[in-house]
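Report on one structure; see the data block that follows.
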2 protein chains.
Amino acid sequence: MHATTDKVRAVRYPLTGDFLAGRLRQNLRSEDLTYIENLVESVEEHGDGTCILERGARTECSTILIEGYVFRTIESGGKRFITGVHLPGDFIDLHGFALKRLDHNVVAAGKVRVGCVSHATLRRVMMDRPGVARAMWFATLLDAAIHRKWIQTLEQLDAPRRIAHLYAELRTRLELIGRVNSRALRTPFTQFDMADMCGVSAIHANRAVGKLKEMEIAEIRRGDLYTDDWDLLKKFARFDPDYLYGEGPLKLEDDWD
Amino acid sequence: MHATTDKVRAVRYPLTGDFLAGRLRQNLRSEDLTYIENLVESVEEHGDGTCILERGARTECSTILIEGYVFRTIESGGKRFITGVHLPGDFIDLHGFALKRLDHNVVAAGKVRVGCVSHATLRRVMMDRPGVARAMWFATLLDAAIHRKWIQTLEQLDAPRRIAHLYAELRTRLELIGRVNSRALRTPFTQFDMADMCGVSAIHANRAVGKLKEMEIAEIRRGDLYTDDWDLLKKFARFDPDYLYGEGPLKLEDDWD
DNA sequence: ATAGAAAGCTAACATCCGTCAATAGACGCT
DNA sequence: AGCGTCTATTGACGGATGTTAGCTTTCTAT
């Protein structure tokens, strides 16, 4: 991790037109998606390792991840702990909007592009568009469900299975947002990153990666995972996608809108 | 844990009048609190070990904890994993309302009393009372913040510190809802429960409890923790209450309501 | 192309923790 | 009071993981 460029650029439009192919998409009509895309007031790029949002900050805008990976991290006793990872389409600091104060950092893993929506705009949205407000609430509930699964993973699995579970989850989440186009799963993660996500030392993460290769479950090279058999990997990790609520658009009562 | 009585009684009123001294209280005006209390359509009691909500269930009402402790649990491979614990005033299945399907069980730890609010009522509230809807969203965001801290705890601390951290968190959460009246912290937890919350075996949980006593940090007898020095315990557990957002009522823009 | 830095890998040893087995203590039921 | 069950406790052993140290590979900047 070497923080090189900070904010490469901050522009106002044009947007990609498709950056909301993320989590919200499942729960919104296309007109609402267009509506949200137009809320983005600026787009920023950040280099690997950049701290995009700092613990304790009181922000005036919320951030949606457009491209790349970010970590939720907490520093304690000189060490870093990763409590979550986010993919394009995820709002990464809606809690900063509602709780007014961030309790952890958000750090870029590799190059990322994010969009900013001011809190004033969000407040207006919450009032004018209950359907959109609801979708954002769903997204935070899904975050909580993923957190619970990470807790279970830490409580239940040994290091090789934790790493396998991490990649199985990422694979499924990428599928849900239509970003899987090969059998490989490419990430910018180092073994240090994997270690901090899985609650083991970097050296033990290395052992675990070696074991996955030895067992012919998967080969991980510089963050990129290659496997001939995703089902085998998922079985090994005891992965059950239930908690990702990937069953498609929720059947919602219309009287909500 | 022995499931004795299931539903001891299910009555419609009278309510305690003060069961909402919980998490929502911080963020709501008293008229809104009264409003929510009156949403409760029935009150139920459950005995120790009762599964109040089952994974996969599609509920027609949401549940608020009035008295006692409950666990969020996941069964896997014949073992039980606890991903969270809730105190009076917590909504324990708002995600069931929004996500339509529960991804884990909710189990009574000791005797509990819960209130039920139908989803139809909640939908009405979400539309009519944005302030109340907002407070419920806050509550779920706070759940997520607590989940993240549990992840960090599992990644960072050894067994004695995890148990100390658990009790430090409970102590603070009880303070926030005005339920601390002695230096002791009484819970119905067995060492099996502590083990399942901390991701260690029951035998190792026992060792950890013994170590806390040996180090003169705290004595835990049948779930009840006694200590002369809560600050020492919190320091040992590296407990920082930041993530509980206990700074009192949030300063919120009025234009939300 | 080269040098420096970051990342990956290996070995040795100590500690933490899981498992099994057995026992003791506490509580609820009759 | 007495019994059975749940809970707590202890010891022994092995596996999983942390730590330190050193080395190799790969990337990146010049």
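In this text the structure is predicted, and so the values were computed from the model without any measurement. Chain letters run A, B, ... following the sequence lines, proteins first and then strands; every chain starts at 1.
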Query raised in the report: Just how far, in rounded Å, is P of D:dT7 from CE of B:Met194?
Result: 11 Å
Query raised in the report: Hey, does A:Met197 have a side-chain heavy atom less than 4.5 Å from the side chain of A:Asp193?
Result: yes
Query raised in the report: Distance only, no hydrogens: is a donor on one side chain within 3.5 Å (strictly under) of an acceptor on the other, for A:Arg162 and A:His165?
Result: no
Query - Candidates D:dT19, C:dG8, D:dT9 - which lies nearest the side chain of A:Arg222 - result: C:dG8
**Report entry** A:Arg161 to A:Phe236 six-membered ring, cation-pi geometry met (6.0 Å, 45°)
**Finding:** yes
Report summary line: To the nearest angstrom, the CD-P distance between A:Gln191 and D:dT25 comes to 15 Å
Query raised in the report: Hey, is the main chain of A:Gln152 close enough, under 3.5 Å, to the side chain of B:Thr83 for a donor-acceptor pair?
Result: no
Query - Non-neighbouring partners of B:Glu67 that pass side-chain hydrogen bond (donor to acceptor under 3.5 Å, both in side chains), sequence neighbours left out - result: B:Arg179
Query raised in the report: Of all the choices, C:dC17, C:dC9, D:dG18, which nucleotide is nearest to the side chain of A:His204 once you look at every atom?
Result: D:dG18
Query raised in the report: So, B:Arg183 side chain and B:Thr227 main chain: donor-acceptor pair closer than 3.5 Å or not?
Result: yes
Query raised in the report: Quick one: do A:Arg72 and A:Asp90 make a salt bridge, cutoff under 4.0 Å?
Result: no
Query - Inter-end axis angle, the helix from C:dA1-D:dT30 to C:dT30-D:dA1, with every axis fitted to five base pairs (rounded, 10 degrees) - result: 60°
Just the atom pairs and distances: protein N or O near nucleotides 10-13 of chain C's N or O, under 3.5 Å.
| unit_1 | atom_1 | unit_2 | atom_2 | d |
| --- | --- | --- | --- | --- |
| C:dA12 | N6 | A:Arg207 | NH2 | 3.1 |

Report task. Starting at atom CD1 of B:Ile220, determine the distance to atom C1' of C:dA26, rounded to an integer number of angstrom. Result -> 18 Å
Query raised in the report: Considering only heavy atoms, which members of residues 156-165 of chain A lie under 4.0 Å from some atom of DNA chain D?
Result: A:Asp158, A:Ala159
Report summary line: In whole angstroms, the gap separating P of D:dC6 from CZ of B:Arg221 amounts to 24 Å
Query - Charged N-O contact under 4.0 Å between B:Lys211 and B:Asp158 - result: no
Query - For atom CG of A:Asp224 and atom P of C:dA7, their distance in whole Å - result: 14 Å
Report task. Give the nucleotide from the list D:dT7, C:dC17, D:dT19 with an atom nearest to the side chain of B:Thr190. Result -> D:dT7
Query raised in the report: Counting any heavy atom closer than 4.0 Å, what does A:Gly223 reach on the DNA or RNA strands: base, sugar-phosphate only, or nothing?
Result: nothing
**Report entry** Partners meeting side-chain hydrogen bond (donor to acceptor under 3.5 Å, both in side chains) with B:Arg101 (sequence neighbours left out)
**Finding:** A:Asp242, A:Glu247
Report task. Classify the angle between the aromatic ring planes of A:Phe189 and A:Phe71 as parallel (below 30°), tilted (30 to 60°) or perpendicular (above 60°). Result -> tilted
Query - First encountered from the 5' end of DNA chain D, between B:Phe189 and A:Ala202 - result: B:Phe189
Query - Pairwise side-chain contact, B:Leu176 with B:Tyr245, heavy-atom cut-off 4.5 Å (strictly under) - result: no
Query raised in the report: Any salt bridge (charged side-chain N to carboxylate O under 4.0 Å, His left out) pairs touching residues 145-156 of chain A, not counting sequence neighbours?
Result: A:Arg148-B:Asp103
Report task. Rounded to the nearest angstrom, tell me the gap between atom CZ in B:Phe192 and atom C1' in D:dT5. Result -> 12 Å
Report summary line: Separation of D:dG15 atom P from A:Lys211 atom NZ, nearest Å, is 11 Å
